[in-house]
Amino acid sequence: MESMEIDGGKTPSKGVNAGEEEKEKTKPIVLLLMGVPGSGKSTFCDEVMRISSRLWARVCQDTINNGKAGTKIQCLSLAASALKDGKSVFIDRCNIDREQRADFLKLGGPQTEKHAVVLDLPAKLCISRSVKRTGHEGNLQGGRAAAVVNQMLSKKELPKLSEGFNRITFCHDERAVKEAVNVYGSLGPLDSLPSGCFGQKNSDTKIQQGIMKFLKKADPPGNTGSEPTQKFIPNEIPVKKGSVFQRTKMGQRPSDESVEKFEKRNEVDITSTSGAISADSIPTLAFPSISTADFQFNLEKASDIIVEKVEEFISRIGNARLVLVDLSHGSKILSLVKAKAAQKNIDSNKFFTFVGDITQLHSQGGLHCNVIANAANWRLKPGGGGVNAAIFSAAGSALEVATKERASSLRPGKCVIVPLPSSSPLFLREGVTHVIHVLGPNMNPLRPDCLKDDYIQGCRILREAYASLFEGFISIVKSHGVVSKLNCGKSDEGIPTNDDQKTKREAVYESDKNKKCKGSQQDLEQKSKDKKVSKAWSSWAQALYDVALHPDKHKNVVLEMSDDVLVMNDAYPKARQHLLVLARVDGLDSIADVSREHISLLKTMHAVGLKWVDKFLSEDKSLLFRLGYHSVPSMRQLHLHVISQDFNSIHLKNKKHWNSFNTPFFLDSVDVIKEVKEAGTVTLKDDKFLAMELRCHRCRSAHPNIPRLKSHISSCQAPFPAALLQNGRLVSSEGTS
DNA sequence: GTTCTAGAAC
DNA sequence: GTTCTAGAAC
């Protein structure tokens with residue numbers, strides 16, 4: 001931890017023979033500060049400039065534009081002109097990743113020295129400074145500052161000499177910052193500083209020094225080979241020193257791809273424990289492709305399912321990561337999944353593929369995964385071959401014993417979570433704390449329970465397998481309390497509503513509504529009186545109408561059908577379970593068209609909905625449901641929504657989605673039936689509710705945006721508001737409430 | 001209804 | 001610089 005001890009250049013080496021090599025010695029310095037907001041970049045510059053006898057210019061992106069934030073280009077041009085004037089330059093911007101730094105490293109060509117000072121201070125400190133600076137005290141602003149800082153931290157790439165730096169100084173605490181200020185502050189116009197990396201932090205300074213020495217020998221300064229002084233140094237998992245040397249020395253990289261991934265995703269944080277996010281502390285699940293090896297599952301289909309399930313779960317895993325692992329570099333499944341995930345824009349920080357041995361991800365690949373999945377056999381026994389054999393063998397008898405305690409067999413599509421005893425070599429060497437055994441569908445006639453070519457069953461089971469695997473991983477992460485705490489803090493709550501916005505929307509509302517109606521104003525008024533306002537339905541809004549009237553054309557989507565109603569999945573489900581029960585009668589476009597004559601139809605729709613709820617509840621008791629109608633639906637044809645109350649879906653994307661199910665705009669089926677019975681029509685709620693602030697449907701707390709709301713509802717366990725608990729509005733496994 | 005994307009918000 | 005929303009097009 002005594003980071004500055006390694007620093008050989010605390011005092012600047014004074015230029016000798018002044019005059020003779022004047023040009024060499026007066027090379028101006030381009031000094032890139034690197035750090036998140038609040039890390040003290042500007043203060044660093046100010047301090048150095050205050051005490052320095054050298055001419056410095058500070059290029060600060062936050063103020064370059066007449067005191068306001070400017071662009072990178074402006075910074076580059078100002079820096080270039082300062083260099084022309086013979087000044088050394090501070091590049092005072094976050095410079096958080098390599099790409100951000102690259103253009104600044106070209107400044108002034110070889111006639112300038114390129115330095116970096118990394119202000120890698122504890123995230124907490126940066127956040128609190130950043131809050132103070134903006135003068136926004138309080139939870140909300142604090143929460144935002146934290147989010148900004150942590151967002152940046154998750155992207156940070158520490159600078160390396162190979163990028164083109166002559167000297168990099170790492171500061172992990174304020175003492176180190178002070179020392180760096182002194183180093184640069186006491187640098188006279190003719191002085192220079194030794195090249196190299198200084199102040200790197202590591203849990204084992206001796207190893208660090210050893211590697212520094214070794215690398216100096218092996219790679220002369222300036223050689224790109226001197227880049228990764230921190231690359232293969234594990235932070236928390238004990239590794240024999242010898243092995244560290246060996247790997248570095250012999251360049252035994254697992255594969256180009258994995259090293260590339262490793263560099264990109266993990267190296268950054270491997271040496272840093274001060275940031276809020278360290279790669280070793282990010283909960284990570286490594287999993288092999290299920291069923292595609294010995295069980296011969298079609299690779300195209302399997303890759304679709306993997307990507308689909310990852311997409312489904314990724315919003316629920318917080319800051320954790322999912323990694324698909326395959327031993328072979330030319331793995332077809334890996335490349336298929338990689339391409340499909342990229343196509344779907346899945347966050348590559350949260351999900352990526354990795355080439356390597358799943359039992360040696362940390363020691364060989366530098367990737368720390370606290371949980372690994374095993375493509376198990378139904379007996380949960382070692383052997384067979386492939387991943388199963390490898391994992392049981394690497395984990396030793398401890399895994400076998402621990403597995404036996406949990407389960408004796410496994411059905412296809414299911415998984416069993418086994419905490420790995422600390423005596424297991426996988427725990428000790430790789431830092432694996434849990435193994436999740438998963439059994440996928442088998443398409444291989446030579447293995448038990450072969451489905452032959454029944455890919456309908458096969459796909460269903462494979463989906464189930466990944467779902468239970470990811471569900472299992474989430475439960476581990478949650479029980480260990482390592483999912484990002486940022487998003488579920490109390491600071492999210494009690495956010496005032498934006499009244500201005502609300503009134504604006506209300507004003508717009510009427511004209512909008514009229515725009516949607518067809519016919520002249522006169523017609524409209526007449527129709528309004530008759531309660532028969534009909535919309536000019538756009539072509540896209542006719543899809544349900546077409547299904548209801550021509551179900552034979554849509555056999556693939558129809559789950560159940562009678563003369564009166566039809567059941568289908570919502571094409572873009574807004575929750576884990578989201579069905580539509582369609583009325584099949586023509587002319588019943590929406591709930592506005594309903595009258596007493598439709599009471600029995602409404603009851604049928606409700607009963608069919610309830611039947612499906614029962615089915616879903618028998619599969620998952622934890623679900624809760626509401627059945628209801630949108631006051632003003634977007635799609636033509638009366639349809640009842642049957643929706644589970646988790647609202648856990650990637651398709652729930654905006655305020656309208658949320659509010660259409662969680663404000664009075666959503667009319668509970670029981671209330672609709674009652675009102676039609678009593679009054680003959682339904683009182684619609686206008687769509688100003690769609691623009692309301694976002695509130696949790698359970699605890700009613702307000703949230704500033706959809707991601708924050710979703711994060712909150714993923715964990716809110718507050719009881720539902722009293723009104724929902726009455727008259728059977730909410731349906732649970734305990735029956736209707 | 002969704003997708004796309006400009007620009008606001010952070 | 002990135003995230004998020006909201007409006008237009010379909």
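Reminder, nothing fancy here: chain letters follow the sequence lines and each chain counts from 1. In this text, all values refer to a predicted model and were calculated from it rather than measured experimentally.
No option in His697(A), His703(A), His712(A) other than His697(A) meets the ring-ring contact (aromatic ring centres under 6.0 Å, His included) test with Trp658(A). Each of His578(A), Gln577(A), Met635(A) was checked for a side-chain contact (heavy atoms from CB on, under 4.5 Å) with Asp570(A), and the lone residue meeting it is His578(A).
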Considering only nitrogen or oxygen atoms on both sides, find all protein atoms under 3.5 Å from nucleotides 2-4 of chain C and state each distance.
from	atom 1	to	atom 2	distance (Å)
dT2(C)	O3'	Gln151(A)	NE2	3.3
dT3(C)	OP1	Gln151(A)	NE2	3.4

Enumerate the protein-to-nucleotides 6-8 of chain B contacts in which both atoms are nitrogen or oxygen and the separation is below 3.5 Å.
none

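Within the 4.0 angstrom heavy-atom criterion, only backbone atoms of the sugar-phosphate kind lie near Arg93(A); the bases stay farther away.
When the P atom of dG1(C) is taken as reference, atom NZ of Lys72(A) falls 7 Å away, rounded to whole Å. Between the CG atom of Asn569(A) and the P atom of dG1(B) there is a distance of 16 Å, given to the nearest Å. Atom pair Ile64(A):CD1 and dG1(C):C1' shows a separation of 16 Å (rounding to whole Å applied). As rounded to whole Å, 14 Å separates atom P of dG1(B) from atom NE2 of His651(A). Atom P of nucleotide dG1(C) and atom CD of Gln74(A) are separated by 11 Å, given to the nearest angstrom. One interatomic measurement links the two molecules: CG of Asp687(A) to C1' of dG1(B), which rounds to 15 Å at whole-angstrom precision. Residue Arg101(A) contributes atom CZ, which lies 15 Å from atom C1' of dG1(C) at whole-angstrom precision.
Side chains of Phe90(A) and Leu32(A) form no contact here, defined as non-hydrogen atoms less than 4.5 Å apart.
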For Ser42(A) and Asp92(A), what are the C-alpha separation, side-chain angles and deciding distance, and is it a side-chain hydrogen bond (donor to acceptor under 3.5 Å, both in side chains)? CA-CA 6 Å; Ser42(A) 300; Asp92(A) 179 4; 2.7 Å; yes
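At the phosphate of dG1(B), OP1 or OP2 sits under 4.0 Å from a side-chain N or O atom of His630(A).
In this structure, Phe647(A) has its ring center no closer than 6.0 Å to that of His657(A). Aromatic rings from Tyr629(A) and His639(A) are positioned such that their centres are separated by 6.0 Å or more. Under the 6.0 Å cut-off for aromatic ring centres, Phe470(A) and Phe313(A) qualify, their centroids lying closer than that.
With a 6.0 Å cutoff to the six-membered ring centre and a 45° limit on the axis angle, Arg636(A) counts as a cation-pi contact of Tyr545(A).
Closest-nucleotide positions on DNA chain C for Leu694(A) and Ser538(A) were compared, and the one nearer the 5' end corresponds to Leu694(A).
By the 5.5 angstrom centroid cut-off and the 30-degree plane limit, Tyr572(A) is classified as not stacked against the base of dG1(B).
With sequence neighbours left out, the salt bridge (charged side-chain N to carboxylate O under 4.0 Å, His left out) criterion links Asp671(A) to Arg729(A).
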